[in-house]
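The structure under discussion appears below in the form of structure tokens.
To find a chain, count down the sequence lines: A is the first, B the second, and so on, and within it residues start at 1.
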Amino acid sequence: MAGPRTLYEKIWDDHVVHRRDDGTCLLYIDRHIIHEVTSAQAFDGLRAAGRKVRRPDLTLAVPDHNLPTTARVDAAGARLPIEDPESAAQLAALERNAPAFGIRYIDAVAPEQGIVHVVGPEQGFSLPGTTLVCGDSHTSAHGGLGALAFGIGTSEVEHVLATQTLQLKPSRTMEVRIDGGLGFGVTPKDIVLALIGRIGAGAGAGHVIEYTGEAARAMSIEGRLTVANMSIEAGARAGLFAPDEKTFAYVKGRPLAPRGIDWDEALAQWRTLSTDPGAAYHKRVAIAADAIAPTVSWGTSLDDVGAITGIVPDPDSFDESARRDTARKALAYMGLAPGMRLQDIAVEHIFIGSCTNSRIEDLRGAAAVLHGRRLAPGIKRALVVPGSGLVKRQAEQEGIDRIFIEAGFEWREPGCSMCLAMNPDKVPAGERCASTSNRNFMGRQGPGSRTHLMSPAMAAAAAVTGRLTDVRDLMGAQ
Amino acid sequence: MQPVDQIHGRAYPLGRDNIDTDIILPGRFLKTITRAGLGGVAFEVIRAEPGNALDDPAYAGAPILIAGENFGCGSSREHAVWAMMDMGIRAVVARGFSDIFAGNAFKNGLLTVVLDPDAVDHVLEQARAGAIDIQLGDQRVILPDGTSFAFAIDPFRKHCLLNGLDEIGLSLDLEDQIAAFERQMAENRKWLLVPA
Ligand code: SF4
């Protein structure tokens, strides 16, 4: 074996089935997750070609994007119909296709249903050292466990279903070292927002990121999933955290995780999964976690973020003319003026959810801020959408649901919800949302919607004051 | 995938540069569950123009479309290719294509032919006169007036198209190696199997 290798290179090498002269590899895929939006045409393609799903046992189907997050069964326990006919048809297609091809299917009313990127790790389907794909760009999330995980298009979904492989060329590698520790009131979401703001939304293009450093190691698994999830927003194909004892403890005992002697063998292999000393990355950056304050986005790309203590920047203050231009357009869309204090921006909607921030720690973080407080009068609607049915149930056992409900939030069923507004949860045009999701693109939360990205605790703080707020002012100050 | 060899028939003489994927198929149609059925809503902004070539009965069901520069620019949606295939289009002759569109077209067996600007102009004119013949084997576009133009194509892509090999078919050609990899996995990494 030639020289020291990075974690990415080790996982890649382990999965090469065949290498063509031009460097293209046929890469084996260990885990494939499908949902309703990008799978129907892939199944059609298989049927048209008379092909089967090669490894239904390595595939998991879960509906999430289109599902309404209101009650799914009536008082008698009967399934309620889905109003939007196109959403209903997409969901029905998955419900037909999964069993027809022998694929494990977690249905819309199963207790385990949730967002694909929450369900995979939670069920122990996503594992360290595996290659994992899904027809959704935020598949990078599973890299928080040390899986090489990335999003694919519909033709590739079909390719994986038929062959359990993909034809790919290796990516370049990028180390993001997060030094130091997280300050008071600062979460992994703040770190990744600040990171992307610093390096730029295109900095990771063509690369797979590996997160290293003291703060990365200190992060909980849920925090790592949040950071890895946002790798795609830095332009990277995937993001990786080297698996460690914390990872193994997280995975152990989950329903689809290895058991018994298999577990011991898995563990022995996972312990080899770290970048060798002296291995070279194509690119390296370092940030100091200590210097990061709670962070929010003010514009319409992940370039547009700042510390909550700051102001809306003046587009003229940017060096490049293209950047000045996009910043001006962003401010016009967002209805903001340069120089305004970020903490003076009033919001009407709160969304706590999405595959970035809808796990139990996220809900606990928000609930800690909301405890004993109420929505500010200016808030029209506040949604909390747990990432999965299991997260929801655990929160209910901990009494967290009461805190949200008493504060004035709607306690919803799991799904993608207001993250992309494919289901009925939308932000109306011209209105503003404090959101724990991952994209602040124009129209992402509904046509004309204005999104400010932040951590769950920060979204809770905005909920009680009615404006973007430094959560630290509310913490321990009750 | 169907093998592509000879494509013969009328050609929509569309011309124009920078036909983007939103023109081919607007975003609001992405909620569909099939590749089929998109043909009816394709090119709606062009179809709104009176007297447009796409609705001219002379070209009804034409298997070829002639365009200008940078055809298929914009988003990566594969739906654009599906919509054109659904209309019955099997080849596009243009001055140039966006990379992503050309890749998606190849994955779906839609032939993309690049010719010089002058040649494209002549093809456009001849498309109005009668049927066009595209021979992939000989790499030639043959026009009603008897003139013909040679075109270049990546040898690997040509091989795949002629033999109806999609990327999936090619990967399946490596079946023995995939199976061997899986045998090894079942032996050395049994933990990768999902418990029943
Ligand atoms: S929550 Fe949002 S980002 Fe995550 S999978 Fe759903 S739509 Fe995509």
**Study point:** Interface moiety of B:Q184 toward chain A, non-hydrogen atoms closer than 4.5 Å
**Key:** neither
Review point. What part of A:A42 is in contact with chain B, defined as an atom under 4.5 angstrom from a non-hydrogen atom: side chain, backbone, both or neither?
Key: backbone
Study note, to complete from the structure: Between the CH2 atom in B:W82 and the OG atom in A:S155, the distance rounded to the nearest 0.5 Å is 6.5 Å
Review point. Measuring heavy-atom distances to chain B, does A:D264 have an atom under 4.5 Å in its side chain, in its backbone, in both, or in neither?
Key: neither
Exercise for review: Select one option (side chain, backbone, both, neither) describing which atoms of B:I178 are under 4.5 Å from chain A's heavy atoms.
Suggested key: both
Revision key, fill the gap. The interface call for A:A266 against chain B, heavy-atom contacts under 4.5 Å, is both
Practice item. Could you tell me which portion of A:L26 (side chain, backbone, both or neither) has an atom closer than 4.5 angstrom to a non-hydrogen atom of chain B? Key: side chain
**Study point:** Under 4.5 Å from any heavy atom of chain B - which part of A:R47
**Key:** neither
**Study point:** Interchain contact, A:F125 with chain B, by part (heavy-atom threshold 4.5 Å)
**Key:** side chain
Point to revise | Engaged part of A:T165 at the chain B interface, taking heavy atoms whose separation is under 4.5 Å | key: side chain
Review point. Taking 4.0 angstrom as the limit, do B:E182 and A:R54 come out as a salt bridge?
Key: yes
Review point. Any side-chain heavy atom of B:I33 sitting closer than 4.5 Å to one from A:F43?
Key: no
Check your understanding: Can you find a heavy atom in the side chain of B:W191 that is under 4.5 Å from one in the side chain of A:T130?
Key -> yes
Point to revise | Ion pair check, A:D262 and B:R189, cut-off under 4.0 Å | key: no
Review point. Which distance, rounded to the nearest 0.5 Å, do you find between the OG1 of A:T24 and the CD of B:E167?
Key: 9.0 Å
Point to revise | Contacting region of A:H65 [heavy-atom separation from chain B under 4.5 Å] | key: neither
Point to revise | Side chain to side chain, B:L192 and A:R31, heavy atoms closer than 4.5 Å | key: yes
Review point. Are a donor atom and an acceptor atom from the side chains of A:Q167 and B:S171 found within less than 3.5 Å of each other?
Key: yes
Check your understanding: Are any non-hydrogen side-chain atoms of A:Q164 and B:F181 less than 4.5 angstrom apart?
Key -> no
Point to revise | Region of A:V160 that comes under 4.5 Å of a non-hydrogen atom in chain B | key: neither
Review point. A:A92 versus chain B, heavy atoms under 4.5 Å apart: side chain, backbone, both or neither?
Key: neither
Check your understanding: What part of B:A180 is in contact with chain A, defined as an atom under 4.5 angstrom from a non-hydrogen atom: side chain, backbone, both or neither?
Key -> neither
Review point. So, do A:R51 and B:I168 sit near enough that their side-chain heavy atoms are less than 4.5 Å apart?
Key: yes
Check your understanding: Under 3.5 Å, is there a donor-acceptor pair between the side chain of A:Q41 and the main chain of B:H79?
Key -> no
Study note, to complete from the structure: Okay, A:Q90 and chain B: the region with an atom under 4.5 Å from a heavy atom over there is both
Check your understanding: Salt bridge between A:E158 and B:R35, side-chain N to carboxylate O under 4.0 Å?
Key -> yes
**Study point:** Over all atoms of both residues, closest heavy-atom pair of B:P195 and A:P255
**Key:** CG-O, 4.4 Å
Point to revise | Note, A:R55 side chain near B:L193 side chain (heavy atom, < 4.5 Å) | key: yes
Check your understanding: Would you call A:V37 and B:K31 a side-chain contact if the rule is heavy atoms closer than 4.5 Å?
Key -> no
**Study point:** A:D57 side chain reached by B:V194 side chain, heavy atoms, under 4.5 Å
**Key:** no
Point to revise | Largest heavy-atom contact set with chain B, pairs under 4.5 Å, which of A:R20, A:E156, A:E36 | key: A:R20
